[in-house]
Amino acid sequence: MNFSFLEQLFTSFKVAPWLLVTIIALVIFAVGVGLGRLVQKISYSSAVKSERADAVKRSRAVLGGQFAEQLAPYFPNFPCNPGDCVFLGKPVDFVAFPGSAEGREITDVVFIEVKSGDSQLSEREKQIRTAIEKGRVHYIMYRIKEKE
């Protein structure tokens, strides 16, 4: 190979070969860093877009479920009269006192958890269900003492 062209370049610019190689290496490094940042920005942007879309989808599902929970007593086949229900929201959705809306004697207290779609009971909701099923339910009257 004939490298006379490079020799003429070095002599005409009066640049040492090691300096030219260093400059070329720095230019290649800068281009690589720039391309790397561009690729990262593009991939980050697409990841953020997909995560935002997923967050919006989940948020809509949660809001829809909460809306359905509030309206559940008015849907067909709800186990109690809507007038007998008190909405709690957490840790259970409703406590019902069957007969209270009609002025009848209250003989039962019913805890109602509303679920929509494929949602399952949380661990806390399962614990509450177990406590109720095992009869570990109590009534406590708390009286606030007035100042004397």
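Along the sequence shown, residues carry numbers from 1. The figures that follow rest on heavy atoms only: side chains count, while hydrogens, waters and symmetry mates do not.
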Item checked: Partner set under side chain to side chain donor-acceptor pair (under 3.5 Å) for D84, not counting sequence neighbours -> S100
Item checked: Where A101 and G83 come nearest, the two heavy atoms and their spacing -> CB-C, 3.8 Å
Notebook entry, point to check: So which heavy atom on F78 is nearest to which on C85, and how close?
Noted result: CE2-SG, 3.5 Å
Check: Does S119 have any side-chain contact (heavy atoms from CB on, under 4.5 Å) partners at least two apart in sequence or in another chain, and if so, which?
Finding: K115
Checklist line | Within 6.0 Å of CD in E102, more than 12 heavy atoms from elsewhere | finding: yes
Margin query: If the condition is side chain to side chain donor-acceptor pair (under 3.5 Å), which residues does R37 pass it with, not counting sequence neighbours?
Written below: none
Check: Could you give the distance from NZ (K126) to CD (E133), rounded to the nearest 0.5 Å?
Finding: 12.5 Å
Notebook entry, point to check: Hydrophobic clusters join Ile, Leu, Val, Met, Phe, Trp and Tyr when side-chain heavy atoms are under 4.5 Å apart, directly or via other members; which others share one with F111?
Noted result: V86, L88, V92, V95, F97, I106, V109, I128, I132, V137
Next item on the list: Identify the two heavy atoms, one from Q70 and one from F94, that lie closest to each other, and give their separation to 0.1 Å.
Entry: O-CZ, 4.4 Å
Item checked: Linked hydrophobic residues, L71 as query - side chain contacts closer than 4.5 Å -> F67, F75
Next item on the list: Would you please name every residue forming a side chain to side chain donor-acceptor pair (under 3.5 Å) with D54, sequence neighbours left out?
Entry: R58
Margin query: Looking at R52, I want to see if its CZ is surrounded by more than 12 non-hydrogen atoms of other residues, nucleotides or ligands under 6.0 Å.
Written below: no
Next item on the list: Check the pair D93, I112 against side-chain contact (heavy atoms from CB on, under 4.5 Å), reporting the backbone distance first and the verdict last.
Entry: CA-CA 6 Å; D93 293 323; I112 303 169; 5.9 Å; no
Note to self: Are the side chains of V110 and P98 in contact, using a 4.5 Å heavy-atom criterion?
What the structure shows: yes
Next item on the list: Look at the side chain of S45 and the backbone N and O of K41, then say whether any donor-acceptor pair between them is shorter than 3.5 Å.
Entry: no
Next item on the list: Test Q127 against every option in R129, E125, R124 by the side-chain hydrogen bond (donor to acceptor under 3.5 Å, both in side chains) rule and name the one that passes.
Entry: R124
